[in-house]
Amino acid sequence: MRLTTYFVPTLKEIPADAQMPSHRLMLRAGMIRPLSAGIYSLLPLGWRVWRKVIEIIREEMDRIGGQEFHLPALNPRELWEETGRVAAFGDTMFHIKNRDYVLAPTHEEIITSIARGSVRSYKDMPQIWYQIQTKFRNEPRPRSGVVRGRQFTMKDSYSLDGSWEGLDESYRKHHEAYCRIYDRCGLKYFVVGASSGAMGGSGSEEFMVESDAGEDLCAFNLESGYAANIEVATSAVPPVGRLEANPPAEKFATPFAKSIDDLVEQFGIEETRCAKSLVYFADETPYLIFMCGNDQLNEAKLQSALGVSHVRPARDEELAELTGADAGSIGPINLKTPLPQIADRRIAHANGMVSGANENGFHYRNIDLDRDAAITAYHDLRMVEEGEPDPLGGRPLRVKRAIEVGHVFKLGTKYSEAMGATFLDAQGREQPIIMGSYGIGVERIVACHIEQRHDDDGIIWHPNIAPFHVQVTALKIESPLVRESSERLYTDLREAGFEVLFDDRAGLNPGFKFKDADLLGLPLNVIAGEKNLKNGNIEIKIRATGERRILPIGEAVEACAALLDELRKT
RNA sequence: CGGAGCGUAGCGCAGCCCGGUAGCGCACUACCUUGGGGUGGUAGGGGUCGCGGGUUCAAAUCCCGCCGCUCCGACCA
């Protein structure tokens, strides 16, 4: 394409609203334009990159036997009522006003509805069905450019199997395909164990790209290979255990102690001997929860431990009503209302604990959780902290922010049971189809790629997803020598099979063209300037390294081919 | 949904406190100039100052309401 006619509106100035480098560069390079919060138009250059990524995904999905579908985004609400997900999504799902339709935020329901009509026998499986399509989610707060939008492109696939071993195999295939996809897109990523959430299922992993702008936290240790989303991460932090002496619980006045730190400071109590008491509502049932010292409650763990779809902390007035005291003075003894009680494993069966007396200004010491509390279960409920020993070998954990670029998920039979998608097994018994669901965010791949590959001047595309392979830059195209040579280069490179962007604009200074070229960030820039052409030479600049090579014009095509092969390996 | 900030030309911003001719840089158009890192110049075009209401002789500016956008937090199956 020629820049004289191709629509690439680059920006010299940085758009004020964009914070992330990838967001700024996509705007500046003329790839996208914002339309509304979390909604972007893809301009020709941006769309070329999307198509490259999509093609890589398509090839890898086909390689594992995936079959491409194209499912409707407009869905009857009724279908979503069958699985209870209209309520589960709540405001996150878009509802059409003048007809009873919703805009699909994902496609488990549609897939299951097709399967229940047409998959009847174990002989019909396994199946891997996928599509690459626009998804709609009414995100309360879109952010980070295309990373969290209300409308976005997603590759979603679904596996249908007649056995749990079959599901394991479909899951493994997806895992492998995903690794190949990210590798081919030139992304540095890592895989973490992830929460299956409230939607059921037996296992799930996320593909993560480290980024300060990420919305997820991951705990990992590179040596041991442990890596998990903070929502499920555990550590080998030692349990508190029991003390020899076990005197009766004793109330004492703590008029100025509102926090664990206050108790530690004012009464010399060991932090780990404090049982922090929290009240949470789990699907409308209040629970009293005990944590060790200053350990943070991990709400995702609480949610899955209790098997509920929603948890929230009790409000101040609810606290007073249920316990008789305010936050900071709550505990297991003398509760105003009996509450179901659970606790973190770290303080399992501990004694000698200090906790609130359910009376403002008083605490109890020498609490034996087995004797004085009514704890029904101990769960892993705590948020791991940086530096804690990892659960595999006790090496220190690191906690980093990351962006989720993919998620593989063993769904099991939740949807097939809810919607009656069954098959007959070899014994003639009716069974629910065993499903998996797997997603990749296309715009997140592009954004993360730019996050990882850019400098102060612009983007540094990996050849596999660069919008074009090579730029030809004609300096002073008004000169007949430059015009003629650059036109020939443009033609020769295209005939050799390269995708070429030709900066044939007149009246622009070399500096201006170089800046634009660096911003667009194509892997190679073949520069045709009068100075070198007079000696029969051109110059090739490698975007990634800044290296420049001067060589005879006749060798340009060959050199580009060799350099691109090199660059593909990075 | 809580907290903060911002809406003035395509983009980035000033003007607002203290009411009285709507301004700057970039971009755009024409011509000249320059030609290896966003050249320099001359002359131009482009704005219901987010929307609605109010106060006033007079509102971008003061008051009320709404809408939109961004950031922090909550949420994110």
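Chain letters run A, B, ... following the sequence lines, proteins first and then strands; every chain starts at 1.
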Nearest of A74(B), C69(B), G36(B) to any side-chain atom of D17(A)? C69(B)
In terms of side-chain heavy atoms of L475(A), which of C69(B), G36(B), C75(B) is nearest? G36(B)
Heavy-atom donor-acceptor pair, R28(A) side-chain to G38(B) base, under 3.5 Å: yes
In short, side-chain hydrogen bond (donor to acceptor under 3.5 Å, both in side chains) pairs touching residues 24-36 of chain A with sequence neighbours left out are none
What nucleotide, of C75(B), C69(B), G36(B), holds the atom closest to the side chain of A37(A)? C69(B)
Side-chain atoms of Q19(A) come closest, of G38(B), C26(B), C71(B), to C71(B)
So which nucleotide from G73(B), G35(B), G36(B) ends up closest to the side chain of R141(A)? G73(B)
At 4.0 Å (heavy atoms only), tell me whether E108(A) reaches a base, stays on the sugar-phosphate, or touches nothing. nothing
For U48(B) and A59(B), measure between their C1' atoms and round to the nearest Å. 14 Å
What does N509(A) touch in the nucleic acid at a heavy-atom separation under 4.0 angstrom: a base, only the sugar-phosphate, or nothing? base
Does atom CD of E321(A) have more than 12 heavy-atom neighbours from other groups under 6.0 Å away? no
Ranking G25(B), G35(B), G36(B) by distance to the side chain of E13(A), first place goes to G25(B)
For a quick check, tell me whether the side chain of E530(A) and the base of G36(B) share a donor-acceptor pair closer than 3.5 Å. no
Under 4.0 angstrom, heavy atoms only, what part of the nucleic acid is T106(A) near: base, sugar-phosphate, or nothing? base
Neighbour count above 12 (heavy atom, 6.0 Å) for D212(A) CG: no
N532(A) side chain, from C-beta outward: closest of C26(B), G36(B), C1(B): G36(B)
Please enumerate all residues that pass side chain to side chain donor-acceptor pair (under 3.5 Å) together with D457(A), with sequence neighbours excluded. none
So what does R312(A) hit on the nucleic acid, given a heavy-atom distance under 4.0 Å: a base, only sugar-phosphate, or nothing? nothing
Describe the nucleic acid contact of L11(A) in one word from base, sugar-phosphate, nothing, applying a heavy-atom distance below 4.0 Å. nothing
